[in-house]
Asks: 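The structure's right below; bear with me while I get my questions together.
Whatever order the structure lists ligands and atoms in, that order sets their numbers, starting from 1. Values below: every heavy atom of this structure, side chains too, minus hydrogens, waters and symmetry copies.
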Amino acid sequence: MKDDIKEILFSEEEIQRRVKELGAQITAEYAGKAPLLIGVLKGCYVFLADIARCIDLECEIRFITASSYGLSSITSGDVRIGMDFDFEISGRDVIIIEDILDSGVTLTALKSFIEKRSPASIKICTMLDKPERRQAPMTADYTGFMCPNEFVVGYGLDYAERYRNLPFVASLKPEIYS
Ligand code: IMP
Ligand code: MG
């Protein structure tokens with residue numbers, strides 16, 4: 001698996017340090033509240049597991065799925081959302097936890113889906129942000145790192161369902177895609 005890597009962009013140590021900072025910031029900003037963390041599967045699973053343990057507040061943790069139709073590395077713009085409707089969003093302080101903000105299409109759809117359910121507040125926390133690829137005007141409230149305009153894997157992010165378990169974020173050698 002590690003032979004497929006071109007370059008490590010964010011090391012395990014850098015990520016852990018940044019996740020602790022974000023967790024501390026959220027803890028301070030939501031003091032006295034019990035935020036509802038909604039993770040966007042599947043890419044969020046590592047980031048959510050780490051950041052949730054750095055948030056020193058009572059949290060409720062739920063998941064949502066969002067997939068766009070089409071090829072693995074291209075967003076088609078048509079987002080399919082899936083959720084178990086066994087939890088209340090109404091009146092809650094929602095923080096959406098996402099792996100990467102890329103075109104912005106997924107988060108735009110998710111945010112409006114959640115907004116329709118009357119949360120008290122809604123914020124977005126993303127591990128990575130690739131602003132150069134934006135198609136929909138979307139910004140995150142909490143961002144781990146700005147990411148260069150390259151396809152990356154690791155720390156939850158996949159290419160064809162592989163590499164999610166790498167503890168760092170890396171780019172892949174071009175021959176992997178061909
Ligand atoms: P958006 O709708 O284009 O912002 O897409 C976001 C989703 O596309 C993310 O949640 C990822 O699942 C996927 N994605 C975007 N860029 C990458 C990448 O560089 N590596 C792996 N997955 C990515
Ligand atoms: Mg994702």
Asks: Would one find an N or O of G104, backbone or side chain, under 3.5 Å from an N or O of ligand 1?
Replies: yes
Asks: Might you work through the salt bridge (charged side-chain N to carboxylate O under 4.0 Å, His left out) test for R17 and E14, ending with a clear yes or no?
Replies: CA-CA 5 Å; R17 207 179 313 123; E14 269 176 285; 6.0 Å; no
Asks: Does ligand 1 have an atom under 4.0 Å from some heavy atom of V40?
Replies: no
Asks: So, are K42 and E161 salt-bridged, with charged N and O less than 4.0 Å apart?
Replies: yes
Asks: Provide the number and element of each atom of ligand 1 under 4.0 Å from a heavy atom of T106.
Replies: 1 (P), 2 (O), 5 (O), 6 (C)
Asks: Answer with yes or no whether L157 contacts ligand 1, where contact means a heavy atom under 4.0 Å from a ligand atom.
Replies: yes
Asks: Are any of the N/O atoms on V152, whether in the backbone or the side chain, positioned under 3.5 angstrom from an N/O atom of ligand 1?
Replies: yes
Asks: Of all the heavy atoms in G43, does at least one lie under 4.0 Å from an atom in ligand 1?
Replies: no
Asks: If we count only N and O atoms by modelled type, under 3.5 Å, do the side chains of E29 and Y142 hold a donor and an acceptor together?
Replies: yes
Asks: Going by the atom numbers of ligand 1, which of them fall below 4.0 Å from some non-hydrogen atom of D99?
Replies: 9 (C), 10 (O), 11 (C), 12 (O)
Asks: Is the shortest distance from a Lys or Arg side-chain nitrogen in E60 or R92 to a carboxylate oxygen in the other one below 4.0 Å?
Replies: yes
Asks: Which of the numbered atoms in ligand 1 are under 4.0 angstrom from any heavy atom belonging to K130?
Replies: 16 (N), 17 (C), 18 (C), 19 (O)
Asks: Just heavy atoms, cut-off under 4.0 Å: does D102 contact ligand 1 by side chain, backbone, both, or neither?
Replies: both
Asks: More than 12 heavy atoms of other residues, nucleotides or ligands under 6.0 Å from CD of E58: is that the case?
Replies: no
Asks: Honestly curious: do M146 and V19 fall in one hydrophobic cluster under the side-chain, below-4.5 Å linking rule?
Replies: no
Asks: If hydrogens are left out, which of A66, S103, C44 has an atom nearest to atom 3 (O) of ligand 1, that is, the closest non-hydrogen atom?
Replies: S103
Asks: Would you mind running through ligand 1 and noting each atom that sits below 4.0 Å from a heavy atom of E98?
Replies: 10 (O)
Asks: Can you check whether L101's main-chain N or O pairs, donor with acceptor, with R133's side chain at less than 3.5 Å?
Replies: no
Asks: Fit a plane to each ring of Y155 and F47, take the angle between them on a 0 to 90° scale, and name the class: parallel (under 30°), tilted (30 to 60°) or perpendicular (over 60°).
Replies: tilted
Asks: Within a distance under 4.0 Å of any heavy atom of D158, pick out the atoms of ligand 1 and give their elements.
Replies: 21 (C)
